Amino acid sequence: MSKPVRTRFAPSPTGYLHIGGARTALFNWLYAKKHGGDFILRVEDTDESRNTDEARAAIFEGLAWLGISVDEGPNEGGGCGPYNQSERQDIYEKWFQKLVVAGRVYEDAGAWRFRFERKPITMHDMVCGEVTIDYTDESINPDMTVKRSNGAFVFHFVNVVDDIEMGMTHVIRGEDHLMNTPKHLQLFEALGEEPPEYAHIPLILNQDGSKMSKRDEGAAVAGYSEMGFVSDAVVNYIAMLGWSSKGDQEVFSVDELVRYFDLEGVNRSGAKFDVEKCAWFNQQHLLAMGGDEFAALAVPYVEGAGVAVDGDYVRMAGSVQEKVKLLAEVPGMISFFRDGDYPFDDAAMEKVRGNEQAVVLLEKLAESFSGLSDWGEAKGSIGETAKANGAKPGQLMFPTRVALSGMMGGPDLGEILSILGQEESVRRLRRAIGELS
RNA sequence: GUACCUAUAGUGUAGUGGCUUAACACUCUCGACUUUCUAUCGAGCGACCCGGGUUCGAAUCCCGGUAGGUAUGCCA
């Protein structure tokens, strides 16, 4: 019987939560949840000069938005606290003394260095396999500082001590830490503790192949909501960057991800971030949800555009569920609805003008609309009007859409007609005819 | 510089020595849905970094290049 799984995400609060960090957190979380274990958040704020409160908040908010639940952490508490490294100085001091007693550290210019054992170190990484780094040559890997001259402990040391104290069983982290692992392994050995299992996952890269850093476009998790992404889609997409189920399925719910995720499916090469595909995932998740849920999610974006939303507006917003990839597209797509003087899109009008019969057909349609006793027949009458005048339904459908909305795309025509009503629809038709003549 | 990791269509992945005419998805183009825009479905374009070797047979194993990445801090 193996120990219950405990994984962690250990960010330093020096910027906003970025997509690479989010994925690292996600993999740890997925692994823990899959195995019924706990996911711990530990804030590595040992470098005071670089930490900010905003960055701390961004970590909490980002994880919360993504739906990555924290079992133990600064806000949740837990049996291994405190979870801010800045509050754990005494603990580090205690472990540091073990190193002193064992004679593994020595003073150097006021700082303390850890004496490496001069031998090859082999790690057994769950993703990278067996990797050996030779520590024989001191000039290549000089003894590392574990305690600064100002008394503060360095990352490698606190990281290891905390992983011991907090009982981590698996450490899943970015491949940029691969070369740090032998150092950590040496520390575990010197401290007389069993190291956790390690898994180094490939990095997320920019389109040009460089490591995605905090400054790069699309790097901030906080920006995704604003752009109109839903968190499940972002989670789904970043999970697919470097991991696959080995089958053809790509669209997963979070529950499915927990069920199917495994470290065997993680590959070893870096993945370039593709916003287009991320948007496609978003569309798939939008399509998969119920109409009410979609409308509820879309409304804040419409309100954000400065519009008071009433029942008809909610209905309108809901009608574009299968027309958008991003929720932020919704307000623009339905803005014509309450704006009687909506602008006509140039490209759309040009296309309509290219159809010589358009104006005549629209006039006939306006007449037909005016005479309708049952407005529910409106959409059908478009096709009938077209046929009655020797045209195909499609030749009138598009001009009608442009006339009513000013745009090439948008909600279903029937839905537009229905919500606009007879009088307003006729008025809009005549307005467009005037514009075209 | 040195070490380590990686290398399949523009992008993300599958393929772990023969079942491969290298599969799936995004993007793009074109069709279908005798109704627009979407959605959906269908089709098309498009790849095994290079060179040796092992083998009857290599995208797959080995070696060497090349390219990219990461690490080489009293940052994390």
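Just the heavy atoms: all of them, side chains too, but no hydrogens, waters or symmetry mates, feed the values below. Just so you know, these numbers come straight off a predicted model, no measurement behind them. Lettering follows sequence order; numbering is per chain, from 1.
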Apply side chain to side chain donor-acceptor pair (under 3.5 Å) to A:Arg428 and A:Ser405, showing your working. CA-CA 8 Å; A:Arg428 291 191 175 205; A:Ser405 72; over 6 Å; no
What verdict does the side chain to side chain donor-acceptor pair (under 3.5 Å) test give for A:Asn180 and A:His177, after you've listed the backbone C-alpha separation in whole Å, the side-chain angles of each residue and the deciding distance to 0.1 Å? CA-CA 5 Å; A:Asn180 290 153; A:His177 282 294; 3.2 Å; yes
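Within the nucleic acid shown, A:Lys387 has no heavy atom closer than 4.0 Å to any nucleic acid atom. Among the atoms of the strands shown, none is found under 4.0 Å from any heavy atom of A:His200. A:Asn150 comes within contact range of no nucleotide atom at all, as no heavy-atom separation falls under 4.0 Å. If you check every strand for non-hydrogen atoms under 4.0 Å, A:Asn180 touches a base. Within the 4.0 angstrom heavy-atom criterion, no nucleotide atom of any strand lies near A:Ala152. Counting non-hydrogen atoms under 4.0 angstrom, A:Ala111 reaches a base of the nucleic acid. When heavy atoms are screened at a 4.0 angstrom cut-off, A:Leu396 is found touching no nucleic acid atom at all.
Rounded to whole angstrom, the span from the CD1 atom of A:Ile121 across to the C1' atom of B:A3 amounts to 14 Å. A straight line from CZ of A:Phe294 to P of B:U38 spans 16 Å, rounded to a whole angstrom. What separates CG of A:Leu326 from P of B:U38 is a distance of 16 Å, to the nearest Å. Taking atom CG of residue A:Leu241 and atom P of nucleotide B:C26, one finds them 16 Å apart after rounding to whole Å. Atom CG in A:Asp274 sits about 7 Å away from atom C1' in B:G12, given to the nearest Å. Spacing between atom OH of A:Tyr237 and atom C1' of B:G12 amounts to 6 Å, rounded to whole angstrom units. Per the geometry, NZ belonging to A:Lys183 stands 16 Å off P belonging to B:A3, to the nearest Å. Taking atom CZ of residue A:Arg173 and atom P of nucleotide B:C5, one finds them 16 Å apart after rounding to whole Å.
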Can you give the donor-acceptor pairs under 3.5 Å from side chains of residues 239-247 of chain A to other protein atoms, not counting sequence neighbours?
unit_1	atom_1	unit_2	atom_2	d
A:Trp243	NE1	A:Asp262	O	3.2
A:Ser244	OG	A:Lys246	N	3.2
A:Ser245	OG	A:Gly247	N	3.3

Atom pairs under 3.5 Å, N or O on each side, protein against nucleotides 40-45 of chain B: can you list them with distances?
none

Please tabulate, one pair per line, each protein N/O and nucleotide N/O from nucleotides 6-8 of chain B that are separated by under 3.5 Å, including the distance.
unit_1	atom_1	unit_2	atom_2	d
B:U6	OP1	A:Arg268	NE	2.4
B:U6	OP1	A:Arg268	NH1	3.1
B:U6	OP1	A:Arg268	NH2	2.2

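Each of A:Tyr83, A:Phe60, A:Trp29 was compared with A:Leu41 under the side-chain contact (heavy atoms from CB on, under 4.5 Å) criterion, and only A:Phe60 meets it.
Applying the salt bridge (Lys or Arg N to Asp or Glu O under 4.0 Å) test to every pair with at least one member in residues 387-412 of chain A, sequence neighbours left out, gives these pairs: A:Lys379-A:Asp412. The list of salt bridge (Lys or Arg N to Asp or Glu O under 4.0 Å) pairs with a residue in residues 137-164 of chain A, not counting sequence neighbours, reads A:Arg8-A:Asp163, A:Arg42-A:Asp162, A:Arg42-A:Asp163, A:Arg88-A:Asp162, A:Glu93-A:Lys147, A:Arg118-A:Asp143. Evaluation of the salt bridge (Lys or Arg N to Asp or Glu O under 4.0 Å) test over residues 182-191 of chain A, restricted to residues two or more places apart or in two chains, returns A:Lys119-A:Glu189.
Of the listed nucleotides (B:G12, B:U35, B:C74), B:C74 has the atom at the smallest distance from the side chain of A:Arg113. Distances from the side chain of A:Ile133 to the nucleotides B:U35, B:C5, B:A3 place B:A3 closest.
We find that A:Arg430 and A:Glu363 are not joined by a salt bridge, their nearest charged nitrogen and carboxylate oxygen being 4.0 Å or further apart.
A donor-acceptor pair under 3.5 Å links the side-chain atoms of A:Gln321 to the main chain of A:Met289, judged by distance alone. A distance-only check finds no donor-acceptor pair linking the side chain of A:Asn282 to the backbone of A:Ala233 [under 3.5 Å].
Between the side chains of A:Arg173 and A:Asn28, not a single donor N or O lies within less than 3.5 Å of an accepting N or O. Looking only at atom types and distance, the side chain of A:His200 has a donor-acceptor partner in the side chain of A:Asp125 under 3.5 Å away.
Using Watson-Crick or G-U wobble geometry with both donor-acceptor distances under 3.5 Å, B:U29 finds its partner in B:A43. Look at B:U34: it lacks any Watson-Crick or wobble partner with both distances under 3.5 angstrom. Both distances falling under 3.5 Å, in either a Watson-Crick or a G-U wobble arrangement, place B:U66 opposite B:A7. If you check B:C19 for Watson-Crick or wobble pairing at under 3.5 angstrom, you find it has no partner at all.
Between A:Lys323 and B:C37 there is no side-chain polar atom (N or O) within less than 4.0 angstrom of OP1 or OP2. In this structure, A:Asn267 reaches the B:U13 phosphate: one of its side-chain N or O atoms is under 4.0 Å from OP1 or OP2.
Taking CG of A:Leu429 as the start and CD of A:Glu367 as the end, the distance is 10.5 Å to the nearest 0.5 Å.
Within residues 397-419 of chain A, the residues approaching RNA chain B are A:Met397, A:Phe398, A:Arg401, A:Met408, A:Gly409, A:Gly410, A:Asp412, by heavy-atom distance under 4.0 Å. Residues from residues 243-256 of chain A that place a heavy atom under 4.0 Å from any atom of RNA chain B, listed by number: A:Ser244, A:Lys246, A:Asp248, A:Glu250. Non-hydrogen atoms lying under 4.0 Å from RNA chain B are contributed by A:Ile140, A:Thr145, all within residues 137-146 of chain A.
Judged as a side chain to side chain contact (heavy atoms under 4.5 Å, CB included), and not counting sequence neighbours, the contacts of A:Pro182 are A:Ile121, A:Met123, A:Ile133, A:Tyr135. Considering only residues two or more places apart in sequence or on other chains, A:Ser86 meets the side chain to side chain donor-acceptor pair (under 3.5 Å) condition with A:Asp45. For A:Lys325, there are no side chain to side chain donor-acceptor pair (under 3.5 Å) partners at least two apart in sequence or on another chain.
In this structure, A:Tyr237 and A:Phe281 have tilted ring planes: the angle between them lies in the 30° to 60° band.
Checked by distance alone, A:Lys277 brings a side-chain donor or acceptor within 3.5 Å of a matching partner on the base of B:A25.
Across the interface with RNA chain B, nearest-nucleotide mapping of A:Val266 and A:Asp176 shows A:Val266 to be the residue nearer the 5′ end.
Relative to the ring axis of A:Phe27, A:Arg23 places its NZ or CZ within 45° and under 6.0 Å from the centre.
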